[in-house]
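Just below is one structure, and these are the notes that go with it.
What you see is a predicted model; the values in this text were computed from it and never measured. First listed ligand is number 1; within each ligand, the first listed atom is number 1.
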Amino acid sequence: MKKSIPDFERMKQAGEKISMLTAYDYPSAKLVEAAEVDTILVGDSLGMVVLGYDSTVPVTMEEMLHHTKAVRRGAPQTFVITDMPFLSYASLDLAVANAGRLIKEGGADAVKLEGGSSLAPIVQALTRIGIPVVGHIGLTPQTAGQLGGFKVQGRDVESAKQLTLDARAIEQAGAFLLVLEAIPRQLAGHITSGLTIPTIGIGAGLDCDGQVLVYHDILGLFERFKPKFVKQYAQLGREAVEAIQSYNREVKDGSFPTEEHTFGLADGVIQKLYGDK
Ligand code: KIV
């Protein structure tokens with residue numbers, strides 16, 4: 001059964017872990033739903049793992065909408081969260097208009113935004129008009145340049161304090177979930193126990209209320225780089241290349257198609273049409 005926001009709250013209170021995985025299209029969403037993962041994130045990581053960009057920065061609203069619609073069709077019974085792409089929430093008006101499109105046109109159940117305390121007014125505006133919001137602090141890929149690259153955050157007292165304040169501000173603004181990316185596990189544990197909303201970690205250790213990873217990473221479909229926090233549960237990329245090599249070989253040596261993959265005609269049809277020639 002499709003999870004709801006009160007289910008996520010109840011899961012935190014009961015100490016029941018929340019699973020989240022990204023999906024970007026109809027087939028991936030169908031598989032994630034079949035595996036009964038609690039919630040799907042249509043992450044803007046799709047820019048890198050599906051569209052081949054170097055970062056998430058170029059991803060557009062139209063791309064997020066297109067992929068969210070496909071995920072919704074593939075996973076009608078799963079709670080779907082969609083990332084708002086870079087600059088799509090640069091002002092209150094833009095945030096309301098774009099989040100509204102992801103919910104109304106895309107079929108998302110909630111939107112996710114990257115940023116700390118300075119984003120609280122936007123989170124508050126969206127939740128007040130009925131758009132459920134997920135926060136995302138720590139390593140925020142859309143603004144990784146300002147953070148000095150893809151680095152673990154909150155390692156010194158000052159930045160750990162700031163992340164703790166950011167988490168509280170996002171919760172108070174009305175977010176119902178908070179993603180913690182690439183922060184030390186002890187800090188993630190403190191932030192988690194200080195909040196009433198669940199935290200979902202990615203590279204933030206076991207003490208978060210749940211975990212999220214990228215679909216292509218856990219299945220071994222993205223080989224450009226592999227962060228320390230990724231666990232590969234399969235090597236489907238390698239298997240896919242081997243399967244495609246077999247097809248290529250069989251086409252070239254004439255062993256595909258066989259009778260099994262070929263249509264035939266009843267006796268006499270060709271003679272009637274072409275005579276005996
Ligand atoms: O874009 C994404 O996939 C994400 C997760 C990795 C948290 O934001």
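- Here Phe150 is tied into one hydrophobic group with Leu139, Leu147, each link being a pair of ILVMFWY side chains closer than 4.5 Å.
- Residue contact annotation: Lys112 has a non-hydrogen atom under 4.0 Å from ligand 1.
- For the pair Lys3 and Asp109, the salt-bridge criterion is not met [side-chain N within less than 4.0 Å of a carboxylate O].
- Close contacts of ligand 1 with Gly43, meaning ligand atoms under 4.0 Å from a residue heavy atom, involve 1 (O), 2 (C), 3 (O).
- The shortest N or O to N or O distance between Asp83 and ligand 1 is below 3.5 Å.
- Of all the heavy atoms of Leu41, the ones lying under 4.0 Å from any atom of ligand 1 belong exclusively to the side chain.
- Classified by interplanar angle (parallel below 30°, tilted 30° to 60°, perpendicular above 60°), the ring pair His216/Tyr24 is tilted.
- Under a 4.0 Å heavy-atom criterion, His136 is in contact with ligand 1.
- There is a path of hydrophobic side-chain contacts, each under 4.5 Å, that joins Phe229 to Tyr233.
- With sequence neighbours excluded, no residue satisfies side chain to side chain donor-acceptor pair (under 3.5 Å) with Tyr215.
- Side-chain contact, Glu171 with Thr196: a donor N or O sits under 3.5 Å from an acceptor N or O.
- With a 4.0 Å cut-off on non-hydrogen atoms, Ile202 touches ligand 1 through its side chain and not its backbone.
- When heavy-atom distances to ligand 1 are checked against a 4.0 Å cut-off, Leu213 has no atom that comes that close, whether in backbone or side chain.
- Nearest protein heavy-atom contact of atom 2 (C) of ligand 1 is Ser45 OG, 3.3 Å.
- Annotation: Tyr24 places no N or O atom under 3.5 Å from an N or O atom of ligand 1; distance criterion only.
- Heavy-atom proximity to Thr22, at under 4.0 Å, picks out these atoms of ligand 1: 3 (O).
- For the residue pair Ser91 / Asp93, no side-chain donor-acceptor distance below 3.5 Å is found, with atom types taken as modelled.
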